[in-house]
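Proteins come first, then strands; the chains are lettered A, B, ... in the order of their sequence lines, and each starts at number 1. FYI, side chains are in, hydrogens and waters are out, and symmetry mates aren't considered; it's all heavy atoms of this structure.
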Amino acid sequence: MNFLEKLLALDRRIIFLFIAIAVALPLFFTVKLHIEVTPVVRNLHNALEALPPGSKVLVSLDYDPGSMPELQPMAESFFRYCFMRDLKIIIIGLWPNGPIQANSALEVILNEPDIKKKNPKYGMDYVNLGYTAGNEVVIERMGSDIPVTFPKDYSGNKTEDIPLMKGVKNFNNIDFVYNLSAGYPGTVEWVLFGVDPYKIKLGAGNTAVQAPQIYPYLNSGQLVGLLGGMKGGAEFEIATGHPAKAVKFMFSQSVSHALICFFILIGNFAYFATRKKKGA
Amino acid sequence: MKKTKAVLFSILIILFFFNLSFPQENLSPLPPTEVRASDTPNDNGHSITVTWKLSGDDGADKKNVVAYEILRSDSPTGEFIVRGMVPAGNNTYQDRGAKEKEDKNYFHPHKDFYYKVRAKTLNSYSESEVAGPAQAYGEWFHLGKLPVFVGTVTFTIMVLAFISLARKGKEFYVRPLAGIDAVDDAIGRATEMGRPILYILGLGSAADIATIASFTILNRIAKKTAEHKTKIIVPCNDPIVMSVAQETVKAGYLDAGRPDMYKEENIFYLTSMQFAYVAAVNGIMLREQTATNFYLGKFYAESLILAETGSVAGSIQISGTDEIAQIPFFVAATDFTLIGEELYAASAYLGREPLLLGALKAQDLAKAIVMISLALGALAASFHLGFFLKLFTVQM
Amino acid sequence: MRRQLPILIVFVSGVFMVIQYFIPHESFEFIYEYAMDWIIIIGIFAMLLGLWSLTRASVSKVQAKAPGWGFSVMTLVGLATMLFLGFYKGNKSIAEGTFFMDLFWYIYTPIQATMFSLLAFYIASAAYRAFRVRTVLATILLVTALIIMLRLIPLGPISGVNQWLASWILTVPNMAAKRAIWIGVGLGATATALKIIFGIERAYMGKD
Amino acid sequence: METIGIWIAALLTLGIFSFLYKDNPFYKFCESLFVGISAGYWFVTTFWQVFMPKLADNLIAGRFYYMIGAIFGVLMLLRLFPKIGWLSRWSLALVVGTTAGLYFTRYLVSNGMVQVQNTIIPLYVKGNLSQTIGNLVIVIGTFSGLIYFFFSKEHKGAFGGLAKLGIWFLMLSFGASFGYTVMSRMSLLIGRMDYLLGTWLGLIR
C-alpha cells in the first residue's frame with residue numbers, strides 16, 4: 001500500500017485528532033479575525049442604538065445547556081451592551097433553564113472591569129423574574145399584565161416591590177424585547193404572540209440550525225434583526241465594538257472549517273492520483 | 001402669508017395657556033367612531049370582535065392618541081370595565097375569554113354585551129358611543145379551512161378508489177427503488193457472516209407516522225430474518241414503541257412459520273433520553289458486530305453518530321427518514337437512503353401487498369395534481385391572476 | 001374482540017380527530033383536549049414497561065454473569081440512585097440544589113453534551129469519505145458543501161462573491177428541493193395516516 | 001461540591017471522547033452509567049412534571065374524565081401478563097388512531113397546501129432579473145424534485161431527464177445543509193473544549 005492508497009483509506013482517528021487540535025489550539029490565541037457585520041445584525045444593533053439610556057429591555061432566554069456554546073456568548077454580549085448603554089434589563093425565561101443561564105452570564109459580565117466601574121444594581125438596573133410555565137400563553141398573559149404573570153422574581157421578591165418594575169404594567173412599558181432561542185417556545189412564538197398582537201420591537205439570537213426557519217420573519221419586518229449561530233454572535237460583538245467569546249470561538253470555527261475543506265481536497269487528490277495510476 | 005403665520009402663532013399661544021389652565025378637557029382627542037361589535041367568526045364561541053374607525057387624532061402628524069382601550073358592559077347604561085388595550089393605529093380587538101366555567105376569565109356565550117372604545121392620549125381620553133348588543137357563539141364549521149376540507153375529501157376518495165381497484169385484482173406497476181433492492185442482499189450478507197441485524201426505529205413515538213411506516217418494514221424484515229435464521233436486535237427508546245416492535249417482530253416470525261425462534265429479549269428498551277440511547281446503541285454495534293444496520297423512522301441529530309459508528313464497525317447500512325434536516329447525513333454516511341416519501345413507499349414495496357400498492361398509486365395521482373397546480377399557479381401568478389393562490393390559502 | 005375492536009377504536013378516534021379539525025365549536029374542542037391528555041397519560045403508564053424491560057435485561061445479564069455484566073450493575077446503580085433521590089423527599093426531591101439535580105448537572109449534562117459534540121468529529125470524517133468526485137451526484141454534493149463551508153473562512157477578494165453565492169444556494173435551489181421533499185412527505189404521511197385509520201396498514205397490531 | 005462536580009464532569013467527558021479512539025472499558029463505564037441515570041432522570045421528572053399535574057391533580061379536583069386515560073394506561077401495563085396482554089392493544093389503538101387523525105390534517109396543511117401556496121410565484125418579475133431567475137429556479141426545482149418522487153413511471157426519456165434534474169436539486173440541497181450544519185456541530189465541540197481547557201484546567205479564560 002503506497003502513500004496515496006493509505007491517504008484514500010485514511011484512518012478516521014487521524015481526522016479526529018486533527019479536528020481536536022484545530023478546535024482546541026485556536027482557543028489559546030486571540031486573533032483579530034476580519035468578521036463582516038451582515039445587515040441583519042447591523043439592523044439589530046442600530047435598533048438598540050436608537051434606544052435612549054434608561055429604556056427598559058426585556059430579555060427572554062429560551063434555551064438550555066445543550067445550546068450554551070452558541071447562545072451563551074450572545075447573552076453575555078447583550079448584557080454587557082445594556083450595562084454600558086445604561087439600558088435596564090428585565091430577564092425572563094420560557095424554558096425552565098433560561099433564568100439559570102441568565103444568572104451565569106450575569107456572573108461573567110458583572111465581574112468585567114468596565115462593568116464593575118458602572119456598578120449595576122440588582123433591582124435598579126437589572127432584574128431576573130425567573131421562569132413561568134405555559135409557553136406561548138405566557139407571552140399572551142404578559143401582554144395584559146406582566147406583574148401578574150411573574151408575581152415574584154427569581155429569588156422570591158415581590159415583583160411589585162422591585163424599583164425597576166415600577167410602572168411596568170405590560171408590553172406598552174417595554175421598549176425592546178430580545179429573545180435567545182433554541183427551539184419551541186422561542187422566536188416564532190414571540191413573533192406570533194408578541195409582535196403581531198402587541199407590536200413589540202423584537203430582536204433575536206438563534207442557534208445556527210434554527211436560524212433559517214426564522215428568516216421569513218426578518219423579510220416581513222416582524223423581526224428587527226437576528227443573530228444566527230456563533231457567527232451572528234461574533235458579528236454582534238464586533239458591531240458593539242467589544243469582541244469577546246464568540247469572536248474568539250470564531251477563530252476555532254474558521255480553522256476547523258478550513259481543515260475539513262483541506263481534507264476533502266486531499267481526499268479527492270488521492271482519489272484522482274490512484275485512479276490515473278490504475279488506468280495507466 | 002405673514003397673516004396666517006401670525007394667526008397660527010396666536011392660536012398656539014392660546015392653546016398653550018388653555019393647556020396650563022385646563023389640562024384635561026381641551027386635549028381630549030376625537031373619539032373613535034363607527035364602533036361595531038359582533039361574534040368572532042370560526043371560533044369556539046367565547047369571543048367577540050370589536051372594530052372601529054380610528055380617532056381623528058390618530059395619525060402621523062397629530063400622534064396624540066397613543067392607545068385604544070376596549071370596555072365592555074352587560075347593559076348599555078351599566079358599568080363598563082376595561083377588557084383590553086391596543087396601541088394607536090389598530091382598529092380591531094378580539095375580546096376573548098376562557099371556555100371553562102370555573103375560570104375567572106370565563107366568557108359567557110349567548111349573552112348580550114355592549115362595547116365602548118376609548119381613545120387615549122398621555123393625559124386624557126375620550127369615549128365612543130356604545131355599540132351592541134353582540135353575542136358570542138361557536139361555529140360548527142371553520143370556513144377558512146374549506147380548501148383543506150376539499151383536499152381531505154378528494155384525497156380520501158382517491159386512496160379508497162385505488163384500494164378498491166387493487167381489491168378487484170388490478171395490478172400496479174411501481175418503478176424499482178435502489179434502497180429496497182438492497183434489503184434482501186443486506187439480510188443475505190448477515191446470514192453468510194453469521195452476524196446479527198440491527199434495526200433502529202428512531203426517536204419517534206409509536207404514533208409518529210414515520211415510526212408506523214417503519215413498523216411495517218420491520219415486520220417484513222423480521223419475516224425474512226426468520227426464514228434465514230438470522231438474529232435481529234431492536235433497541236428502543238420509547239416503551240410503547242418497544243411493545244409494538246415486539247408484536248411486529250413476533251408477527252413476522254409467525255408469517256415465516258418460525259414462532260419458536262422469536263426471542264423477546266432481543267427487542268428491548270434502553271432509555272428515552274436521546275444521547276444516552278445513542279451511547280448504548282453505539283456500544284451494541286461494536287460489541288455485537290452487527291452485519292447490517294437499518295435506521296428507519298424519525299431521526300434527529302443522532303443520525304450521523306449512528307451512521308458513522310456503524311461504518312467503523314463495517315456494517316452495511318440502510319437508512320430512511322422523513323426528518324428533512326437529517327437526510328443529508330444519512331446520504332453521506334450510509335450505503336442506501338430512503339429519502340422522505342420513499343420511506344412511506346417502502347412498506348408497499350417490501351410486502352407487495354396490492355392494497356398498500358393501491359394507496360401508493362393514489363399518492364402518485366395526488367402528486368400529479370400538485371405538480372399541475374404548481375405549473376398552472378406559477379403561470380397564473382405571472383399574469384397577476386390571484387384567484388389560483390386563494391384555492392390553496394388556509395385561514396387558521 | 002382481540003383484533004376487530006382495536007381496529008374499530010383506531011377508526012373512530014382517527015375519524016373524530018380529522019373531523020374536529022374543521023369544527024371550531026367548543027364541544028369538540030373539549031373532547032379534543034381530553035383525548036390529547038389521555039394520550040399523554042397512557043404514555044406515562046407505559047414508562048413502567050420501559051423501566052421493567054431495562055431492569056429485567058440488566059438483572060438477567062448480571063445473574064448470568066454475561067460478558068460485561070459489571071457494566072449492567074452500573075446501569076442498575078445509576079437507575080436506582082436517581083429513582084431513590086427523585087422520590088424520597090416527595091415533590092421537593094427535584095428542586096434546584098438537591099443531590100438529584102447535582103447528579104443531573106455534573107453527570108447527565110456533561111455526558112450528553114459530549115455525546116452531542118462527537119458530531120463535530122463525525123461530520124468531518126463523513127465529509128472526508130463521502131465527498132469524492134466519483135459521480136455527478138457526489139460532485140454536486142461536494143461542491144455545494146464546500147461553497148457553504150468556505151463562507152466562514154476569510155478568502156480575501158473572492159469572499160464577497162462566495163458569501164453571495166452561499167446565501168443564494170441556501171435560499172433558492174435549496175429551498176426548491178426542500179419543498180419537493182416536504183410535499184412528498186406530506187402526501188406519503190397523509191396516505192399512511194389514511195391507511196392506518198381505515199385499518200389497511202395494521203402490521204403494528206401484531207398477530208395472535 | 002462544585003470542584004468535585006467539575007472534576008467528575010471533566011473525567012466523564014474524557015471517557016466519552018475515548019470512544020473516538022476505540023471502544024474501551026472507560027467508555028463502557030460512562031455509557032452504562034449514563035443509561036441508568038438518564039432513564040431514572042426521565043422517569044422522575046416525567047412523574048413530577050407531567051403525571052402529577054395532568055392526572056393526579058385533575059382527579060383530586062374531581063375531573064373524572066381523566067379516569068378514562070388512566071384506565072387505558074393500566075390496560076397498557078397488562079402487556080406484562082401474557083394471558084391478558086392483548087388488552088393493551090386497545091390503548092395502543094387509541095394512541096395510534098388519535099394521532100393518525102391529528103397528523104392527517106397537520107401534514108396535509110403544513111406539508112402540502114402551505115408549500116404549494118408558497119411555490120405559486122410569478123415566473124417573470126418585471127425589472128428584476130435576479131428575482132425572475134430565483135423564482136424560475138424555485139418552481140423548476142420543486143417540480144422536478146416531485147418528478148423524482150414519482151413511483152409509477154420508470155425514469156426514462158424526457159421524464160427521466162426531469163427526474164435526474166430533480167435528484168440534482170436534492171443533492172445540492174443536501175450538500176448545502178451538510179455544509180451549513182458544520183458550524184453548529186463545531187460550536188458544540190468548542191463548548192466542550194472550553195469546558196475542559198477553561199472551566200476544568202483553567203488554561204484559557
Worksheet item: Any donor and acceptor pair, going by atom type alone, linking the side chain of C:T75 with main-chain N or O of D:S32 inside 3.5 Å?
Response: yes
When the 4.5 angstrom heavy-atom criterion is applied to D:Y148 and chain C, the contacting part is neither
Minimal heavy-atom distance between C:A176 and D:I138, with the atoms involved, is CB-O, 3.5 Å
Turns out that what part of C:V12 lies under 4.5 Å from chain D's heavy atoms comes down to neither
Turns out that what part of C:I94 lies under 4.5 Å from chain D's heavy atoms comes down to side chain
Taking the ring centre of each residue, are C:F87 and D:F47 less than 6.0 Å apart? yes
Bottom line for D:L20: the part with an atom under 4.5 Å from chain C's heavy atoms is side chain
Applying a strict 4.5 Å limit to non-hydrogen atoms, the region of C:I44 in contact with chain D is side chain
Honestly, the part of C:W52 sitting under 4.5 Å from a heavy atom of chain D is side chain
Under 4.5 Å to a heavy atom of chain D? For C:F84 that would be neither
Heavy-atom nearest pair, C:I42 first then D:G73, reads CG1-N, 4.0 Å
Exercise for the section: Take C:M36 and D:L102 through the test side-chain contact (heavy atoms from CB on, under 4.5 Å) and record every step on the way to the result. Expected result: CA-CA 10 Å; C:M36 294 324 281; D:L102 185 71; 3.5 Å; yes
Point to revise | side-chain contact (heavy atoms from CB on, under 4.5 Å) evaluation trace for C:I41 with D:F51 | key: CA-CA 7 Å; C:I41 292 167; D:F51 181 82; 5.7 Å; no
Whatever's closer than 4.5 Å to a heavy atom in chain C on D:V114 counts as neither
By side-chain hydrogen bond (donor to acceptor under 3.5 Å, both in side chains), D:T199 pairs with (sequence neighbours left out) none
Among residues 57-65 of chain D, residues within the sub-4.5 Å heavy-atom range of chain C, in order of number, are D:Y65
Given D:L11, D:V74, D:V116, the one with more heavy-atom pairs under 4.5 angstrom with chain C than any other is D:V74
The interface call for D:L92 against chain C, heavy-atom contacts under 4.5 Å, is side chain
Among D:I147, D:L94, D:I8, the residue with the most heavy-atom pairs under 4.5 Å to chain C is D:L94
Bottom line for C:L49: the part with an atom under 4.5 Å from chain D's heavy atoms is both
Cut-off 4.5 Å, heavy atoms of chain C, and the answer for D:E31 is neither
Scanning both residues in full, the closest heavy-atom pair of D:L12 with C:Y106 reads CD1-O, 3.9 Å
The interface call for C:I181 against chain D, heavy-atom contacts under 4.5 Å, is both
Under 4.5 Å to a heavy atom of chain C? For D:T119 that would be both
On a heavy-atom basis, the closest approach of D:T98 and C:A35 is CG2-CB, 4.3 Å
Under 4.5 Å to a heavy atom of chain D? For C:T171 that would be backbone
If one checks every heavy atom of C:I196 against chain D at 4.5 Å, the contacting part turns out to be side chain
Honestly, the part of D:F72 sitting under 4.5 Å from a heavy atom of chain C is both
Discussion item. Are the side chains of D:R185 and C:F116 in contact, using a 4.5 Å heavy-atom criterion?
Written reply: yes
*asked:* Any side-chain to backbone donor/acceptor pair from D:W48 onto C:G86? Under 3.5 Å, distance only.
replied: yes
Run the side-chain contact (heavy atoms from CB on, under 4.5 Å) check on D:Y180 and C:R151 step by step: do they pass? CA-CA 9 Å; D:Y180 188 80; C:R151 84 197 189 288; 3.6 Å; yes
Note: D:P25 and C:F71 closest approach over all heavy atoms is O-CE2, 3.6 Å
Looking only at D:W168, D:F149, D:F143, D:Y103, most heavy-atom pairs under 4.5 Å shared with chain C are made by D:W168
**Prompt:** Checking ring pair (Phe, Tyr, Trp, His ring centres under 6.0 Å) for the pair C:F131/D:F178: CA distance, chi angles, key distance, verdict?
**Reply:** CA-CA 11 Å; C:F131 293 170; D:F178 195 107; 4.9 Å; yes
Okay, C:I107 and chain D: the region with an atom under 4.5 Å from a heavy atom over there is both
Applying a strict 4.5 Å limit to non-hydrogen atoms, the region of C:Y204 in contact with chain D is both
Aromatic ring pairing C:F100/D:Y41, orientation class (parallel under 30°, perpendicular over 60°, tilted between): parallel
Point to revise | Check against side-chain contact (heavy atoms from CB on, under 4.5 Å), C:M47 and D:W42 | key: CA-CA 9 Å; C:M47 291 198 307; D:W42 164 75; 3.3 Å; yes
* To do: Answer yes or no: is there a side-chain heavy-atom contact under 4.5 Å between C:S117 and D:F17?
  => yes
Bottom line for C:A127: the part with an atom under 4.5 Å from chain D's heavy atoms is both
Applying a strict 4.5 Å limit to non-hydrogen atoms, the region of C:L187 in contact with chain D is neither
If one checks every heavy atom of C:F104 against chain D at 4.5 Å, the contacting part turns out to be side chain
For C:A120 and D:M186 the tightest heavy-atom approach is O-CE, 3.5 Å
Scored by heavy-atom pairs under 4.5 Å with chain C, the best of D:G145, D:G40, D:A93 is D:A93
